[in-house]
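What follows is a single structure, written as C-alpha cells, with notes after it.
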Amino acid sequence: MNCFSLFLFLSTISTFFITSTSTSTISATQNITDAGGKTIVSDDDNFVLGFFSPTNASTNRYLGIWYNKIQIRTVVWVANRETPIPDTSGVFLLDNRGILMIVNRSNSMIWSSNSSIPGSNNRVAELLGTGNLVIRNVNDIDPENYVWQSFDYPGDTFLPNMKFGIDFRKGLEKYLTAWKSVDDPSPGEYTNRFDPDGYPQILLRKGSDLQYNSGPWNGLRFSGMPNLQTNDIYTFRFEYNDDELYYTYELVNSSIVSRMILNPEGRIERFIWIERRLEWSLYVTAQMDNCDRYGLCGVYGICNIAESRACECLRGFEPQSADEWRRTDWSNGCVRKVELNCEGGGDGFVKLSGVKLPDTRKTRFNRTMNLRECEAECLKNCNCTAYANLDVRSGGSGCLLWFDNLVDIRVYSENGQDIYLRMAASELHRDAKAKRRVRIIVIPVLVTVAVILVICLFVFRWRKQKIKGVNSVVREHNFANEKESKDWELPLFNFNTIADATNNFSDEFKLGEGGYGPVYKGRLEEGKEIAVKRHSIKSNQGLDEFQNEVQCIAKLQHRNLVKLLGCCIEEGERMLIYEYMPNKSLNSFIFDEGKRRSLDWSKRYNIIIGIARGLLYLHQDSRLRIIHRDLKASNILLDKEMNPRISDFGLARGLEGNDTKANTKRVMGTYGYMAPEYAIDGIYSTKSDVFSFGVLVLEIVSGKKNRGFRHAGHDLNLLGHAWRLYKNGKHLELIDDTMKGAYVESEVRRAIHIALLCVQKYPEDRPDMPLVVLMLGSEIPLPEPIQPGFYTDRRRPQEAESSSSNYLEWSSSNRLTVSYLQPR
Ligand SMILES: *[C@@H]1O[C@H](CO)[C@@H](O)[C@H](O)[C@H]1NC(C)=O
Ligand SMILES: *[C@@H]1O[C@H](CO)[C@@H](O)[C@H](O)[C@H]1NC(C)=O
Ligand SMILES: *[C@@H]1O[C@H](CO)[C@@H](O)[C@H](O)[C@H]1NC(C)=O
Ligand SMILES: *[C@@H]1O[C@H](CO)[C@@H](O)[C@H](O)[C@H]1NC(C)=O
Ligand SMILES: *[C@@H]1O[C@H](CO)[C@@H](O)[C@H](O)[C@H]1NC(C)=O
Ligand SMILES: *[C@@H]1O[C@H](CO)[C@@H](O)[C@H](O)[C@H]1NC(C)=O
Ligand SMILES: *[C@@H]1O[C@H](CO)[C@@H](O)[C@H](O)[C@H]1NC(C)=O
C-alpha cells in the first residue's frame, strides 16, 4: 500500500467518523424525520434545529431553530411559518440539487429554500453556532459564498451577528415580521423594516399603518432611541453604503445571551437570559411611551411626555384647528403663523434642541458638508423646510435636508439632537426683539425678585404654620371638579359600602395610621378583603397626595405593585381602596425581633428582586415614566406568598423635562432613604429611586434601619457601616444574625455589592434599574462602587443643617417635608 492510498484510506475514515458523530450538518443522503424525533445541534451546542409545536395546545408541527441550552424553548426561526404540518409526518431533507425542503406523508413539498443556484451539487446544510442555518458547498466555508442562509429570511427575531437591513447587490431585504400570536408563527400584522427613502430609518408598521419610527442614524444611535447606549452586553453598528444598508449587534461575552424580537403586539423588545432564575428578562423596549406613537402630534407638532397634554405646536406654528386641538385630537397638526417668503429672500432658521429628528423619508443628505454649507444649501431651495447635522459625533458633521412638512418630533431629556427650522423673517425678528426686551426687563426684575424673596423668607418662617394650607385649598377646588375624577377611569365605591365593609371604620378594623390618615381592613359583601386608606379631612396636605396617588397608580398594573381597586369621594371623604395584603409591610418583618426569623435568605432575595422589578416597571415599562420618591420598607407590602408590592404613590411624579425643576419647591420623602441630590437640591430622577432601593436592600440584608443605626465601633450610618465592611472584605458581617449560617454566600455578597453601587454619591455613577435587575439575576461582572452618599458621621450633617431646620417638618409618619420658597 503506497502513501497515497493510505492517506485516502485515512481521510475516508476520518470523514466517515466526522459525519457520523457530528450533528450540526445534514447532507444530501440524510434527512431528519419528525416522527424519529431527531434534531441537529450546532457545533458549539448553542442552537438546535428540529420539529416542534409552538404550544401544548397546538398539534401543528413546524421546523424551527431554538436555543439548545435554554430551558424554556425559545424559537428564533421557523421555516414553514405559513404551512404547518397537521401531524408528525414531516421530513426535512437536503435534496440532490442542494435545496432544503420539508415534505409531508405524501411526499408533497411543504416548504423549500429558494437556493436553486446552479453549481456544484456537492452541498451540505449546516446549523452554525450563531443560529444561522446555511447551505454551502462542502469544502467552502466562506460566508460570502453561502448558497443560502436563514439569516437572510428572519422571522420575528433579530439575533446577534444578523444583518438587519438591505443587501442592494443581491436585492435582499432582511426585516422582522411578528408572529400572529404566541402559538401561531405565521406572519402577523406588524413588520419592522428599514425604509431606504431619503436617509434611512427603521419603520414599524401595522399593516400599512405607520406605528413607530426609529429616526435616522446619527453616528451614535438612531435618533429616536435615546436609550441605545454603549453597554456591557452588546456592541452595535450601522452601515450604509452603495452595497448595503444594515444594523447589527454582537454580544460582548457569549455567556450572556440576548435577543431582540418584534412581539405579536407590535413591540420591539430586547431580552436577556437570566440563567440563575431561568427566565428571559426584558432589558429595553424601543417604544417607551405615548410620544413614540408615530406622528401623534401631526405635522409641525412636538410631543413632550412630561406635559399633561403631550402635544404642542412648534414655535411659530399654531393648531390647524384650535377646536380639535383642545379635544386632544392632534392628528391634523399645526400650520405656520406667518407664511414663508422664499422668493423675497427673507427666510431664516430657528434652532430646536434636544429632540428626535422628524421623519426622513423626504430628505437628501451629504456626508461632507458642514452646518454652514448645509444652511446655505437649504436656503437656496424654497422647498427645504429644515436642516440638521447628519452625524453628531465630534461636534457634528454632514448635512441632512428636509423637503416636506415635519412630522414625528419629540422632546428628550437626554440624547436629543438639534434641528434648524425654516421660518419667515418676521418670525425671526420677533424672536430677536423679544430677546432684547427680555434683557432690558430681566435684570431689574431679578433684583426685585431677590429683594422680595429675602423679605418673604422672614415672613414665611414666621407665618409658616398659618400659610400651610393655601395651596391645597386651591387644589381642592379643582379636585371637586367632577370631570377630573372621570378622567381617572377608576371604579367609584359607595361610601356606605365602605362603611359596612369596615364596620363603620371601627378601631378593631384599623390596620394602622399612615401619613395622611388611618388605614382600615375591610371585607366587601362578596367576601373580598380590601384595605381602605382614609385621607383625613383635616390634613390639607393629604389632598395633594390623594389626587396624585390616584392619577399615578390608576393605570399601573404589575405584580410587584399594589393594586388600586377604586376610590370613594363622598360626603367630604376621600378614600382609596386597595387589595388587602395579609402580610402587611416589609417593615413589620425585617425590623421585628420575632418575625424577622421567618424571613430566610431565599425569601429576602425574592423580595429584593420583586422590588427591583416593580421599580423597573415604574421607570421604564409603564406608559408614563414614574419616579416613586418615597421608597422605603414601610411602603413595601407583602402578599400571601410574601411577594413584595410597592405601595403609596402619594409622592410619585412623572419623569422628564422641566418637571424636575418644578418640583424642587417641596422636597418630600423619608430621611434615611433620600438620595443626597434630592434631599439637598430637590433634584429627583430615576437615580434617586435607585438610591432608596440600595438603602432598602442593605436594610433587608442586615435587618437594621439605616436611620437610627448604631454601632459600638464608630458613628457611621448603615451605609457607611456596609461600605466599611465591604472595603475590608467583610461583607458577610453585615448579614442579619437570624440568618447566620443559612444563606447563599455568593448571593448575599452580590446583593450588598449591588446595593453599594446604588447608593453611590453621584447619580450618574449609580446603575439604572434595568441594569440592577440584570445584575441581580446574572453573573455579569460588577464595577467597584465608590463611597456612598451621606457617608458621614451621623451627627455632623444634622449640625450643619440645623440652621435651616425651620424648613424641616415631621409628620406623624416620619415623613420629612422640606419646603422651599416659591418664587411667586
Ligand atoms: C429519510 O432517510 C431514510 C434513511 O436514511 C430513508 O429511508 C427515507 O426514505 C428518507 N426519507 C425521505 C423522505 O427522503
Ligand atoms: C407542556 O407539556 C410539557 C411536557 O408534557 C409540560 O412539562 C408543560 O408543563 C406543558 N405546558 C403547558 C403550558 O401546559
Ligand atoms: C401533503 O401536502 C399537500 C400539499 O400541501 C396536501 O395536498 C396533502 O394532502 C398532504 N398530504 C398529507 C398526507 O397530509
Ligand atoms: C422562490 O422562488 C420562486 C421562483 O423563483 C419565487 O416565485 C418565490 O417568490 C420565491 N420565494 C421566496 C420565499 O423567495
Ligand atoms: C465571559 O463571562 C464569563 C462568566 O462571567 C467569564 O468567566 C469569562 O471570562 C468572560 N469572557 C470574556 C472574554 O470576558
Ligand atoms: C457634498 O457636498 C460637497 C461640498 O459642497 C460636494 O462637493 C459634493 O459633491 C456633495 N456630494 C454629494 C453626493 O452631493
Ligand atoms: C418644490 O416642490 C414643487 C412641488 O412639489 C415642485 O414643483 C418644485 O419643482 C420644487 N422646487 C424645487 C426648487 O425643488
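Residue numbers count from 1 along this sequence. Atoms within a ligand are numbered from 1 in the order they appear, just like the ligands themselves. All values below come from the heavy atoms of this structure, side chains included, with hydrogens, waters and symmetry mates left out.
With ring centers used as reference points, Tyr67 lies under 6.0 Å from Phe47.
Shortest contact from atom 2 (O) of ligand 6 to any protein heavy atom: Asn366 ND2, 2.2 Å. For atom 11 (N) of ligand 5, the nearest protein heavy atom (residue, atom name, distance) is Asn253 ND2, 2.9 Å. Looking only at heavy atoms of the protein, atom 6 (C) of ligand 1 is closest to Asn31 ND2, 4.1 Å. Atom 5 (O) of ligand 5 has as its closest protein heavy atom Glu779 O, 4.1 Å. Ser255 OG, 3.9 Å is the protein heavy atom nearest to atom 4 (C) of ligand 5.
Using a cutoff of 4.0 Å between basic side-chain nitrogens and carboxylate oxygens, Glu764 and Arg766 are not scored as salt-bridged.
No hydrogens or angles considered: a donor-acceptor pair under 3.5 Å links the side chains of Glu784 and Tyr726. Checking Thr130 against Asn132 by side-chain atom types alone, no donor-acceptor pair falls below 3.5 Å.
Each of the atoms 1 (C), 2 (O), 3 (C) of ligand 6 lies under 4.0 Å from some heavy atom of Thr368. Those atoms of ligand 1 that come under 4.0 Å of a heavy atom in Val91, given as number and element, are 13 (C).
Exactly one residue among Phe271, Phe164, Tyr234, Tyr246 makes a ring-ring contact (aromatic ring centres under 6.0 Å, His included) with Phe158. That residue is Phe164. In summary, of the residues considered (Phe365, Phe403, Tyr199, Phe349), a ring-ring contact (aromatic ring centres under 6.0 Å, His included) with Tyr387 occurs for Phe349 alone.
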Side chain to side chain donor-acceptor pair (under 3.5 Å) assessment of Trp402 paired with Thr360: CA-CA 7 Å; Trp402 276 261; Thr360 54; 5.9 Å; no

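Less than 4.0 angstrom separates atom 9 (O) of ligand 6 from none of the non-hydrogen atoms of the protein.
Polar contact with ligand 1: absent for Thr33 (N/O pair, distance under 3.5 Å).
Residue contacts with ligand 6 do not include Glu373, since none of its heavy atoms lies under 4.0 Å from the ligand.
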